[in-house]
Amino acid sequence: MAAEMARDLAYFRLREEVEELLYEEADLLDQRRFGEWLELLADDLHYFMPMRRNVAFGTHAEKENTRAGHDISWFDEDKWTLAKRVDQIMTGIHWAEEPRSRLCHIVTNVRVLAARPSCAAAREVEVGSRFIVYQNRVETETYIFAGRRNDLWRRADQGWRLAKREILLEQNVLLAKNLTTFF
Amino acid sequence: MAAEMARDLAYFRLREEVEELLYEEADLLDQRRFGEWLELLADDLHYFMPMRRNVAFGTHAEKENTRAGHDISWFDEDKWTLAKRVDQIMTGIHWAEEPRSRLCHIVTNVRVLAARPSCAAAREVEVGSRFIVYQNRVETETYIFAGRRNDLWRRADQGWRLAKREILLEQNVLLAKNLTTFF
Amino acid sequence: MAAEMARDLAYFRLREEVEELLYEEADLLDQRRFGEWLELLADDLHYFMPMRRNVAFGTHAEKENTRAGHDISWFDEDKWTLAKRVDQIMTGIHWAEEPRSRLCHIVTNVRVLAARPSCAAAREVEVGSRFIVYQNRVETETYIFAGRRNDLWRRADQGWRLAKREILLEQNVLLAKNLTTFF
Amino acid sequence: MISSDPLVDTERGIVSREIFVNDGIFAEELETLFARAWLFVGHESQVANPGDYFVSRMGAESVILCRDKQRQVHVFLNTCRHRGMKVCRYDEGNTPLFTCPYHNWSYATDGRLVGVPQHKELYPDLDRSQWSLIEVPRMVNYKGTIWASWDPKAPDFLAYLGDVKDHLDQVLDHRDGRPGGSEVFGGIHKWIIPANWKFAAENFLGDTYHNPSHRSVDLIGIGPSANAGQNTGRRDNEYQGGQHVWVSFPAGHGVHSVWKQPNAPYVESFRDNKEVEEYFRHCYEERTRRLGEKSRLLPFTGTIFPNTSYHGRQPRALCVWHPVSPTQTEIWRFFLVDADAPAAVKDLLRHYYMRYSGPAGMTEQDDMENWNYATAASRGTIARRYPYNYQQSLGRVREGEPIPGRVSTQVTEESARGFYRSWQRYLDGADWDALIGRAPVRQAAE
Amino acid sequence: MISSDPLVDTERGIVSREIFVNDGIFAEELETLFARAWLFVGHESQVANPGDYFVSRMGAESVILCRDKQRQVHVFLNTCRHRGMKVCRYDEGNTPLFTCPYHNWSYATDGRLVGVPQHKELYPDLDRSQWSLIEVPRMVNYKGTIWASWDPKAPDFLAYLGDVKDHLDQVLDHRDGRPGGSEVFGGIHKWIIPANWKFAAENFLGDTYHNPSHRSVDLIGIGPSANAGQNTGRRDNEYQGGQHVWVSFPAGHGVHSVWKQPNAPYVESFRDNKEVEEYFRHCYEERTRRLGEKSRLLPFTGTIFPNTSYHGRQPRALCVWHPVSPTQTEIWRFFLVDADAPAAVKDLLRHYYMRYSGPAGMTEQDDMENWNYATAASRGTIARRYPYNYQQSLGRVREGEPIPGRVSTQVTEESARGFYRSWQRYLDGADWDALIGRAPVRQAAE
Amino acid sequence: MISSDPLVDTERGIVSREIFVNDGIFAEELETLFARAWLFVGHESQVANPGDYFVSRMGAESVILCRDKQRQVHVFLNTCRHRGMKVCRYDEGNTPLFTCPYHNWSYATDGRLVGVPQHKELYPDLDRSQWSLIEVPRMVNYKGTIWASWDPKAPDFLAYLGDVKDHLDQVLDHRDGRPGGSEVFGGIHKWIIPANWKFAAENFLGDTYHNPSHRSVDLIGIGPSANAGQNTGRRDNEYQGGQHVWVSFPAGHGVHSVWKQPNAPYVESFRDNKEVEEYFRHCYEERTRRLGEKSRLLPFTGTIFPNTSYHGRQPRALCVWHPVSPTQTEIWRFFLVDADAPAAVKDLLRHYYMRYSGPAGMTEQDDMENWNYATAASRGTIARRYPYNYQQSLGRVREGEPIPGRVSTQVTEESARGFYRSWQRYLDGADWDALIGRAPVRQAAE
Ligand code: FES
Ligand code: FES
Ligand code: FES
Ligand SMILES: [Fe+3]
Ligand SMILES: [Fe+3]
Ligand SMILES: [Fe+3]
């Protein structure tokens, strides 16, 4: 994967473009511009956040994470449910987000892991990134979420669209009351 | 705003330049090179950190943040007070910073939101960024500040100068004893 | 240092390359690809993490940090000991890392502080960066490490190799049970 | 001012806030309640093979659910007898031995201390049989679900259940009416909330009255058929025309179920997917055939005293409210499905379960917000002087009509009153006759 | 070793460290002191219109300050009577009803329980009047500031204040001497510090002795006129030639004020800005004219027992030290300004207030550092054996000379001794005569 | 079920889990044990010059180790006598005065209160001599190591040590046998672990039985000579052919040492580096010459009751387990080296120490993981009903053979039993005769 891609101008140009995309997404989420955020999602989006398990040495590959399509996970969703989540917040009576949380999406370590057909003419890119999401609500309630993301972005006529996202939250027992934010 | 700017080479070239600027600023602060940091500030700087309120759905635009020029905020300052803050630390007897805190300014999600007259020939840029400031002092006292910044940087003969900064700290009740650091 | 380097295309091209390098390193660590990580280390690597002290105003330069080659520090190591640490984890019975911790290396504020002989033809670069390492293990045990790194990277035939790393962890009393992760 | 003395006054329908926030009372709960009552530990499908283990919790403690070489299922306290080290720090797996990392004492999967380094020289007189892993004195496998109690004198699980058994059966049995046949999906929700555990237990034993708190999700519609276009609120309505019943049981259990019309026709549900629709139609008809009159009972939600709750159908899961502190609870949820259901059915249910339940569940997020801030607002010096109101439908209850138990046909807090009546008895150290409410004693206690 | 028994010995001038770090004593403070004394809640300007509310705190609890449809101001405990849910989780706003998110009981802005879903069927016998929001039994609007007490038997606020009233008036009244006329700036400072609340209360009731701790800010100069070039330290000196007085009052209040020379000329201040300068000159002269002899009194700092402190002029604010734990305090600060002052005046003051006060205040940052580590260093086993020293100017105090109260004309800890004397009486459960120090009782208590 | 009453039963070899997790017992430890026993504070090499100070800890409190103008060494509680402010918030440095930041009372390096602002006017009657920094009543400089006790009646340090002195001497003396001569490397490890402090103290006083927990490091080899290619496990083996002994002392101390063969040849070690090798060979021969028979004693690990442990040779360090809470311990480690050793020796040792010890130490990381989860797994309601097993080599001990103390020549928990026997006496408030186990009393106590 990544190791095989040339780190040439085309690569870095594409990386910059993808960074911008992820930063823009973070702005949409933290500024609560959910409608615009939904527009960034492909209709066939698969949005996945597994649970992480403590397993014996040597068994991580098969057992560490819950499996998309098989197990219960934190998120294993399509665009429809994400739109529902937005709709719910916008009712103004979704108490877990009313009053609204203060959110900060820190996005870092952005890398292009694959580009098809090429960096120069990419129609589809696999992107790795890291995040810290800082959430504070009501008075002192505070949560810190940290982890990695593996995305698949597709270039459509209107711009890039998120087709796949895998979110690896680095927690076992979830150290939060709720997952009302998008990652 | 941002959405309207072309994401061309000129844009990314400018973004890189601005990233470098913000990283340099972070180094000056964490290395306690306050004199050099003050040089980065325009004489007419407006440095603003509002308090954030929990308000009802639909009223955030008017009511979520305290207003510069009207309300009490965490910071609503000019260069003069920032210089005073530096002077105070340098007395060596400003107990809230003596012994000195250990600070780490994490700067991410840097975006150019506007460039005038153009990215290629920018004399003035609006910049969005996110931060985590990690503060540790004395033995175990530790604070984490996370939020967004909206800057206005102006290109002077000696280089870029900060003309405006709005800091959105994602907290309601401040979860810190003091705000002795610069953001 | 930094201030004297031109921020031209060559500089930013080099910075991008170095960013990619540090992000790749973070991936290797978080994905537990320790063998590949060791390959990134020069044989004469010096890997150093001092302890940080609270000292009187004006004495930080000499006294704040423990000294490499003289004092006891958190790390003051060569490649050999780092390889030993990897070997130990790979025994599968190093209980402090069995079950394995969940780790997230956030790398930001990447700057090229010096390039020799030049940015365009760099064989050796001094690199500054900031990090947050989020560690979570077993059920709820969680640690956050934040700080700065000063690296020396050397370009070898097989690619860049880390020759020096100084890690400034922003803590006095270490707020963690163990340091089983690499920074 | 309404004063509350004693803490629980079910006659007047008031309960002191103290029991939700007081450190001393919390400590007593661990000692007198969680160390005696039957607690849910896990499901046999999680330890299908010899050597399989699943690390679970009882009260505030870690326990190991495992199957030994003889295929016997055991529940052990997860601590070494030598210096207490947690012998298993994995969540699940398979092992021949639990070897302690500290000094390598090792225990077989049946709990026996089989390995003591240098035991001949260093422990010539050690009677190893006295130093096995600490095993629960009482354990039962009920239709695949494993329950345990730390009290050797605890009554049989069925006696402990009493008449709530009929309702629990509807949760555990195959949708087509066959006994048992359920399995647990891989992936157990585990998360921590800043609320007292009883808010959750009480909410599930029949607090239908909090429906308005879910208005936001009802407005948008997330039911199994929601994607098919029609807004079905939180769930498809399988209960049309049925008689909702809220039932309280002497041992403290409480449920909300539906008693359907005789020969009620199948209510179309899961319209999203033909295969799934047919599966449920088939199950419905098959179940009616098998169970006859009994098939009229459909479970909604319920709580098996003290801290195991269920969703009966949409979604279908067991939830355990593990006490951490007066103001913190660690929640574990196990999602159930017919083991032999077609992939399409499992898939649709799995997605529905995830969007409904847990920290990412559009319905339950609002519950947790309420439990959180209800707990917080009850801690104050002044607040603690004002008891909660449990007077809803006070006295409006009948015995055994149409089904066994104290039945209300209108929304009620009777089950909550019953829950706290039992809670008080545990804290008073009552004997088991009183605890499971054998009639004579029960009168006495009231 | 100096031993401290009792905890507070104001005769010898020593106070035990226990009262600053002990969990049990902290719990008693909440019960015996914060549940009885008059506490500051907010300012009428924050709830100007019917339906306006501002969520405040009393002791460790959340309360709602609001104005009902009849324009009546109320203070309610922020918790639902049904299951305790926090009924208002916003900081401020306007609403016709406080509707509980959990089961939708709703309360009018006068506290009445007006909405109980399905009350006819489910609560036929509920007397709603018994289940209103919990309202403070005692509340007063004093010159726009709202104060409340949880003790129905509390004396009138003015009796509670006693002679400290003259000083508080100088804080609340218009700079030109008209009674009242102040408003609160938008934006209330709220932050949490790792210190016992009494360090702060005591610091403000006249601890002038800690001036050296502010040397760094005095060196750089941040006063209102500092920007005009001349270093004025922390503030412009309006008090030139005046007699500083430190006054302790029987109810535990203490102040540091200045008693100016008769007909003292106006001291130029706020030189930064002509318009502001003129405003204050005008106010000064107008005030002298109005108040005559009384105008000689200028407030500096003070504490209204137990936890409301003020800065009287530069800056001008009310500060509440909310107890969170023995070693944590949540601070809320309300900044005051003449409602009808010109924009330029408000603007200059606002900036000065911000650079002086609060977590970003160059002066107060050093106070908080000291309170933090004084608290921490007092927790130890050995440390707790050594009481604090309160012997400063012990006995150097006169009654009512030149103004009412126990007056010292030199820096003193007399007010601190008075504060802890009162503190001890609350913890002893003394009656109100003793608490507000009506003479006979007071002697007895000593 | 094995029940444990009393908490400590060294005859049967069981100890209750309560003492590792119970808040009340922890509070008693601070009061009855840490406020009486001799505690390690630091090393004279850390305060070589007048005015030098090093901020250390005793129990849970901060103390200042400093050298006054007369070169006298003192240990003071780090808190101001006025309002308790921590007077020194630096880790180390040099100063003529400790000036309190709050009100600027200042103390000389000999503790005297020398500066009280405005003392003439404000404190005319203050007897400053009564308000010096709080100094430990008992302090000793033993071969450069500073120890102190808060109990004026504590026996002399040597009486407190008893026969463990011989072992401690081998740690503190020069490798060539000269008394003293060690110094502390710059850089003191300080870190916090989630474990009870006694797990660590007990581990070091001779828990050789936990060797298997270090298998991972033994497999890879990190010893001083490891880099030379040969895998030497955790350390080079200097002890070949020696008789390992585990010794318990009446005051609660315990050690693991080696009693070498007479005239045992030097065992090659530190093969990495010729200069170092020669240094140690020279030291060995020199030491043998000097000490004769006594040179047969080589220290391994040990604990000076209650919370000072050592590694005697590889590595060579003193470690203090500071209690923070029942489940938290702050660890400070001081690394020792011959002051006059060549740079190459110091360098090699320094690197070895770092890879072996502390949070980044490949050996100790696994200890801390075990102490952490042993503590956690002992907190539960059920767990606390099951005491720990301390029956290893029960009764297999001889008095004074081959060296003084209760000696075992096989791996044993005798020293742990002795440690908890002493622990119990402190908590019972025994007198010093009993505490340091003067024979008659000791019998009585058993
Ligand atoms: S603690 Fe398990 S073997 Fe020692
Ligand atoms: S808690 Fe408020 S209505 Fe039930
Ligand atoms: S606290 Fe030290 S001088 Fe007041
Ligand atoms: Fe619900
Ligand atoms: Fe002050
Ligand atoms: Fe060890």
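The analysis underlying the following values was restricted to heavy atoms, covering all of them including side chains, and did not include hydrogens, waters or symmetry mates. Bear in mind that the values here come from a model prediction, so they are computed numbers and not experimental data.
Judged purely by atom type and a 3.5 angstrom limit, E/Gln410 uses its side chain to pair as donor or acceptor with the backbone of F/Glu121. In this structure, the side chain of F/Glu61 engages the main chain of E/Ala383 through a donor-acceptor pair within 3.5 Å.
Using a 3.5 Å distance cut-off with no hydrogens or angles, the side chains of F/Arg83 and E/Tyr209 do not pair a donor with an acceptor. Side-chain polar atoms of F/Tyr123 and E/Gln392 form a donor-acceptor pair below 3.5 angstrom.
Using a 4.5 Å heavy-atom threshold, the side chains of F/Val136 and E/Ile382 count as separate.
When the candidates E/Arg396, E/Glu369, E/Glu413, E/Arg379 are compared by the number of heavy-atom contacts under 4.5 Å with chain F, E/Glu413 comes out ahead. When each of F/Pro101, F/Ala27, F/Ala60 is scored by its heavy-atom pairs under 4.5 Å with chain E, the top score falls to F/Pro101. Ranked by heavy-atom pairs shorter than 4.5 Å toward chain E, the options F/Gln118, F/Lys86, F/His119, F/Met58 are led by F/Lys86.
Here the OH-CG distance, from F/Tyr102 to E/Asp367, works out to 6.0 Å after rounding to the nearest 0.5 Å. Atom CD of F/Glu29 sits about 11.0 Å away from atom OG1 of E/Thr381, to the nearest 0.5 Å. Taking CE of F/Met85 as the start and OG1 of E/Thr375 as the end, the distance is 9.5 Å to the nearest 0.5 Å. Of the inter-residue distances, the one linking E/Gln391 atom CD with F/Leu122 atom CG reads 12.5 Å to the nearest 0.5 angstrom. To the nearest 0.5 Å, the span separating OH on E/Tyr373 from CG on F/Asn78 amounts to 11.5 Å. Here the OH-CZ distance, from E/Tyr388 to F/Arg81, works out to 11.5 Å after rounding to the nearest 0.5 Å.
Neither the backbone nor the side chain of E/Phe20 has a heavy atom closer than 4.5 Å to any heavy atom of chain F. Proximity to chain E involves both the backbone and the side chain of F/Val116, based on heavy atoms less than 4.5 angstrom apart. In this structure, no portion of F/Cys100 lies under 4.5 Å from any heavy atom of chain E. Contact annotation for F/Ile134: only side-chain heavy atoms (C-beta onward) come within less than 4.5 Å of a heavy atom of chain E.
Enclosure of atom CZ in E/Arg215 is not indicated, since only 12 or fewer non-hydrogen atoms of other residues, nucleotides or ligands lie within 6.0 angstrom.
Of the options E/Asp207, E/Thr208, E/Asn211, E/Asn370, a side-chain contact (heavy atoms from CB on, under 4.5 Å) to F/His103 is made by E/Asp207 and by none of the others.
The two residues F/Gly84 and E/Ser378 come nearest to each other via the heavy atoms CA-OG, 4.1 Å.
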